[in-house]
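Working notes, beginning with the structure itself.
Excluded from the calculations below are hydrogen atoms, water molecules and symmetry mates; all remaining heavy atoms, backbone and side chain alike, are included. Labels below follow one simple rule: chain letters A, B, ... track the order of the sequence lines, proteins then strands, and each chain is numbered from 1.
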Amino acid sequence: MDASTAKKAIDCIRKLMEENRDFLIELDSIIGDGDLGLTMTMAFNTADDKMKNLEESDIGQLFFKTGMEIAKAAPSTMGTLVATGFMRGGMALKGKIELFPADMALFFRAFADALIDRGKSKPGEKSIIDVIDPAATAMEGSTDDWNTLADAGIAAARSGLENTKMMMARHGRAAYYQEKSIGKQDPGGTAGLFIVEGMLKAFKSEK
Amino acid sequence: MDASTAKKAIDCIRKLMEENRDFLIELDSIIGDGDLGLTMTMAFNTADDKMKNLEESDIGQLFFKTGMEIAKAAPSTMGTLVATGFMRGGMALKGKIELFPADMALFFRAFADALIDRGKSKPGEKSIIDVIDPAATAMEGSTDDWNTLADAGIAAARSGLENTKMMMARHGRAAYYQEKSIGKQDPGGTAGLFIVEGMLKAFKSEK
Amino acid sequence: MKKFLNQPEAFVDEMLEGILEAHSDQLKSVADDVRCIVRSDISKNGKVGLATGGGSGHLPLFLGYVGKGMLDGCSVGGVFQSPSSDRMLEVTKAIDTGKGVLYIYGNYGGDVMNFDMASEMAAMENIQVVSYAAGEDVASAPKGEEAKRRGVAGIFYVYKCAGAKAEEGANLDEVRRIAEKAGDAVRTMGVAISPVVVPEVGKPSFIIGDDEMEIGMGIHGEPGIRRGKLLSANDVVREMLDKLLPDLPYISGDEVSVLVNGLGATPKEELYVAYRKVAEILRRKGISVFKVYVGEFATSLEMAGFSISVFKLDDELKSLLAAPARTPFFEQFQLEV
Amino acid sequence: MKKFLNQPEAFVDEMLEGILEAHSDQLKSVADDVRCIVRSDISKNGKVGLATGGGSGHLPLFLGYVGKGMLDGCSVGGVFQSPSSDRMLEVTKAIDTGKGVLYIYGNYGGDVMNFDMASEMAAMENIQVVSYAAGEDVASAPKGEEAKRRGVAGIFYVYKCAGAKAEEGANLDEVRRIAEKAGDAVRTMGVAISPVVVPEVGKPSFIIGDDEMEIGMGIHGEPGIRRGKLLSANDVVREMLDKLLPDLPYISGDEVSVLVNGLGATPKEELYVAYRKVAEILRRKGISVFKVYVGEFATSLEMAGFSISVFKLDDELKSLLAAPARTPFFEQFQLEV
Ligand SMILES: Nc1ncnc2c1ncn2[C@@H]1O[C@H](COP(=O)(O)OP(=O)(O)O)[C@@H](O)[C@H]1O
Ligand SMILES: Nc1ncnc2c1ncn2[C@@H]1O[C@H](COP(=O)(O)OP(=O)(O)O)[C@@H](O)[C@H]1O
Ligand SMILES: [Mg+2]
Ligand SMILES: [Mg+2]
Ligand SMILES: [Mg+2]
Ligand SMILES: [Mg+2]
C-alpha cells in the first residue's frame, strides 16, 4: 500500500469518470448545467497525468497535489469541492509512505469535513456530502482489513447516493429547482460514489 | 383657375397616392426599402389636410406651403425631393391668384430644376426627374389651353416613366442594385406621374 | 451557432489576448497567464488592492472594471465558469502592496468556493484578504434569504464605491465596509427573451417561445420567477419594479441611482424606452434619481433582455459613486453632487 | 418581432423621452420637440456649432455624440429615416452662437437632401452653415467613387476631431477642414450575419441563411460585396482588411487608431476576438496602433455583425483624437500622446 497504489487509485477514479462521462452530463443537465461529466473527466485526466509522472513517496503529498491539480483544471463547484477534499485528505496523511485501512478512514473523514467546510453545507442537503460522509463513517467502523473497509465504504456510499433522491437540493444550480429537484439522484453525489469506489477498489485489489 | 383649383389638385394627388399605395410599396420593395407608398400617402394626406383649411389666395404661396408640409411630414428621399419641387414651383408662381396654362409649365419647369438641384442628379439616371422633366418640356410647348397642356404633360410623363425601365439607377438605394435595377420601373418616377396626373387633371376638369 | 470565433475552445483566451492587445496601456497579465489580469500601473499604487473574478461571457463584467478608481485585478474563468483559485492567488499576489486585498465577486457557488480557497492560499503567503460576495438579484431568493441571492449587474455599484474608497487611501476594513454597504443598498431584477449559446456547448442554453419572456431569469439562464407572454415594455418594467422596490424597500424621499443594463442583444433604444417607464414610476413614488446608467454593464453573451438595478444613496455612497473612474470599458468624469 | 416596446409608432419618441429623462443634466430638447436635441450647456458656449442628424436605430449614433468636446446638437429621424429639414433648422438655430454651424452627417440620399434644404433655410435666417457628409464604407462604392460612399461607424472619428477643434475655439472654416481631413483619413468595412426588425415594419429587413454572412453589408441592410458561408473570425477579419487597408492605402510606418464596432447583437467578447486578428495583421504590415476603441459606436438595432474602421493619424489628428470628451454615451479622458 505505497504511493504506487495511491497512483493506481487516481487512475481507477479517472476510468470510472470516463466510463460515466455521459451519465454524469445527463444527471447534471436535469437539475444543473450539464457540465459535470466534462469537469470530472477533465479533473481526473489532468490529475492522473500529472501524478503518474511525479516522483513522490509521501502519499499525503501525492493526494494533496492531486487536489491542487484538480483545483487548477476544474474550477467548477464539484471540481473545487473535490480538490479541497483531496487536499485536506492529503494533509491528514502527511508524511505517510505506507497506508493502512485506518488511514483511508482518516482520509475520507478529512475529505467529508472539507466538503462541509468549503461548501458551507451539511448532510441532508442533497450533495456529494451525502455520499462521502456516510462512507467515511462506515470506514471508521471497519478498519480491520482492506476488504471489510472497502465493502463497508462502498455500500455506505451507494446507499447515501440512493438517499439523495428523496432530498431537496439546497445548494448550487439544483437549488433553483426547489421541489422539482426531489426524486432526482444528485449528480455531484454520483461523482462522489465513483471517487469512493475507485479509491477503495484500487487499494483492495492491491492488498 | 384660382386657389380652390390648386387645393383640388392637391386632393387629386392625395387620392392617386392612396389608390396606388400598395403598388408604390411593391415597386420600392424591389429596388429600395419599400416605404414609398407610406411616405407619399403620408406626405399628401398631411399637405391636403393643412391646405384644405388654409386661407390663402396666392397660389404660389399655397404650393410653397404644400412643399413645407411635405418636408416636415415625409423627410424620405422622395418626400424631400417632392417638397423641394413644390416649394420652388410655388416660388415661380409667387403672387399669382389665378393660373393660366403657361403658369403650369413654369411650375413644372421649376419643379424639375429643383429635383435636379436637390438630387444632384440629371435626366437619364432613373429617377423622378425622368418623368417630371419631359412633362415640363411638353407643357412648355403646349400652353394653348388646359386640355392640350394636360394631355401633352401626362403623355410625356407616361412615356418618361416607361423609359426609366431601360435605365440603370444611379441614385438612392436602387443604385446599390446596379445592373439588377435595369428592367424595373422607377418607383419615384411612378409617384412623379401621379403628381403630374393629379395636378393636370384637376386643372383640366375645372377649366 | 452563429458567432465570430475561431476554435470554440480558444474563445476565452483569444478574447483576452484581444483585450490585452487593445488596452496594453491600462491592463497587463501576470504569471504569464492571460487569465490573470491586473492594472498596468499597479506598482506605483500603495493602496488596498481590489480583486474580482468570474466566468467569461459577461463583458464588461468582470475584468472591464479593472482600472483607475475601481479594481486592481481580475481572474478570468471559462465561459460562465469560475476562475480557478490558483489564478485568483496569482492576481492577489500581483496587486497586494502590503495593505491587503478585498475580493468582490458575484455570489455563485463555484466562485465562492474558489475565492474561499484563494483566501486560504493567500493567507499562507501572508497576504491579508477579506471578501465580499455581491448578491442583489431579488428574483433569485426571497426576502429574508438575501445571502442566497445571485450577484448580477448591481455589482457595478459595489465595485464603483469600494474602488473609489480604496482610491482615497482607506484601509482594508473601511473598503470592506463600503463594499458591503453598497451591496446592501442595491437590488436588481432581470428579464430575458432569448437564450445564449456558449461557444463550447454550441446550442442554446434554454428554450423560450417566440412570444415569451422570463421575468427574473439569471444571467446564465437560471430559472426566473415567471414565464409568460412578452408584455409591453411598460408592463414589463412595472412588473419588475413592483417586485424590486418593496424589497429594500425604496420609499418616498429616497435618492437613488438607476442602472438599466442590457444583457447583450437588446438595443440601447429599447433600454431607454424601458428607462422612460422607470423614471415615471420612481417620480410617482417620490423617489428622486441622481445618476442614470443605461447600457451594457453585465451581459450574457448575446442574450436578449435587460435588468434594472436601483441603488439607494446616502451622502457617503453618493460621493463615492460620483468619483471619477477610468478603465478600458468604463470612463466616468467626476459627477457634480 | 421580439422587442421591448409599447406601440411601435411611439418607439422613437419614447426612446428619446427616456434619453432626455436619463441625461437631463447634459441634454435638452428644443422647439418643444424631443426629436431636436442639443447640449444643455449651449448658451455659455460661444464656439462654432456642430450639428448632426440621422435616422433612429443606430445608438449611440447620432445623438449620443452630443456633448462636451464633440457635437452641440442633433436632429432625429424615424428608424432608419432622415430627420426633416425643419427639425435640422430648429437645432441649427438653437446651437448657433453667431460663429456659424457645421453639419456633419452620413452620406445617404435622404440625409444629404434634407441637410441641404436645412442649410438653405438657415441661410434665410442669416446663420452661416457649412456641411460635411461622411462616407467611408469601402464596400459601398469603389475607389475613385469615394463621394458615393455611405457613412458608417467611422463618422465617430470625424465627430471626435472636429468637435475637439471647435472646442479649441477654431473658426468655422478650420473646423470644416478638420472634419474633411478626418473623414478622408478613415475607412470602414462591415460584416453582418443577421437582419434587423424595424419596429413599425415588424419583419426582418432581409433574409440570410443560418450559416451565412454578408461582407460589406450596410447598416440598414444595404447589399454588400459578397455573401457566403460564415468563416472563422480570423478569416473574416483578413478578408475585411484585405479590402480596407489598400484603399487609402495604409502602409508600413503609418500610425492609426482602430475602431471595432459592434452592430448590436454581437457580444464584446467576439469583437475582441476579431481585434486580436486586426492587431496581428497591422503589426505584420508595420502599421502601429495608437488608440483602440472596441464596442458599440454605430449600431443597427439588434443586427449581429461588426465593422472595422481604421483611422490614419498625423500629429494634428492625433492630438484632436486624444482630447477629452464627455457625452452621455461616450466619455474619454485626455489620452497621453
Ligand atoms: N455548497 C455545496 N456544498 C456541497 N456540495 C455542493 C454544493 N453546491 C453544489 N454541490 C454539489 O455539486 C454538484 C454540482 O456540481 P457542478 O456540476 O460542478 O456544479 P456547477 O456546474 O453548478 O458549478 C451538486 O450535484 C452537488 O452535489
Ligand atoms: N439623387 C436623386 N435625385 C433624384 N431622384 C432621386 C434621387 N435619389 C432617389 N431618387 C428618387 O427617389 C426614389 C426613391 O424614393 P424613396 O423611396 O423615398 O427613397 P428612400 O426610401 O431610399 O429614402 C427613386 O425611385 C428615385 O426616383
Ligand atoms: Mg454542473
Ligand atoms: Mg458548471
Ligand atoms: Mg424607399
Ligand atoms: Mg426610405
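Summarising the local packing, CE of B:Met68 is surrounded by 12 or fewer heavy atoms from other residues, nucleotides or ligands at distances under 6.0 Å. Heavy-atom contacts from other residues, nucleotides or ligands closer than 6.0 Å to CE of B:Met168 number more than 12. More than 12 heavy atoms of other residues, nucleotides or ligands sit less than 6.0 Å from atom CD1 of D:Ile225.
Only the side chain of B:Met87 has a heavy atom closer than 4.5 Å to any heavy atom of chain D. Heavy atoms of D:Val201 lying under 4.5 Å from chain B are absent altogether.
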Between chain D and chain B, donor-acceptor distances below 3.5 angstrom:
residue, atom, partner, partner atom, Å
D:Asn114, OD1, B:Thr80, OG1, 3.1
D:Asn114, ND2, B:Pro75, O, 2.8
D:Asn114, ND2, B:Thr80, OG1, 2.8
D:Asp116, OD2, B:Lys120, NZ, 2.7
D:Glu120, OE1, B:Arg88, NH2, 3.1
D:Glu120, OE1, B:Arg118, NH2, 2.9
D:Glu120, OE2, B:Arg118, NH1, 2.9

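For D:Tyr65, there are no side chain to side chain donor-acceptor pair (under 3.5 Å) partners two or more places apart in sequence or in a different chain.
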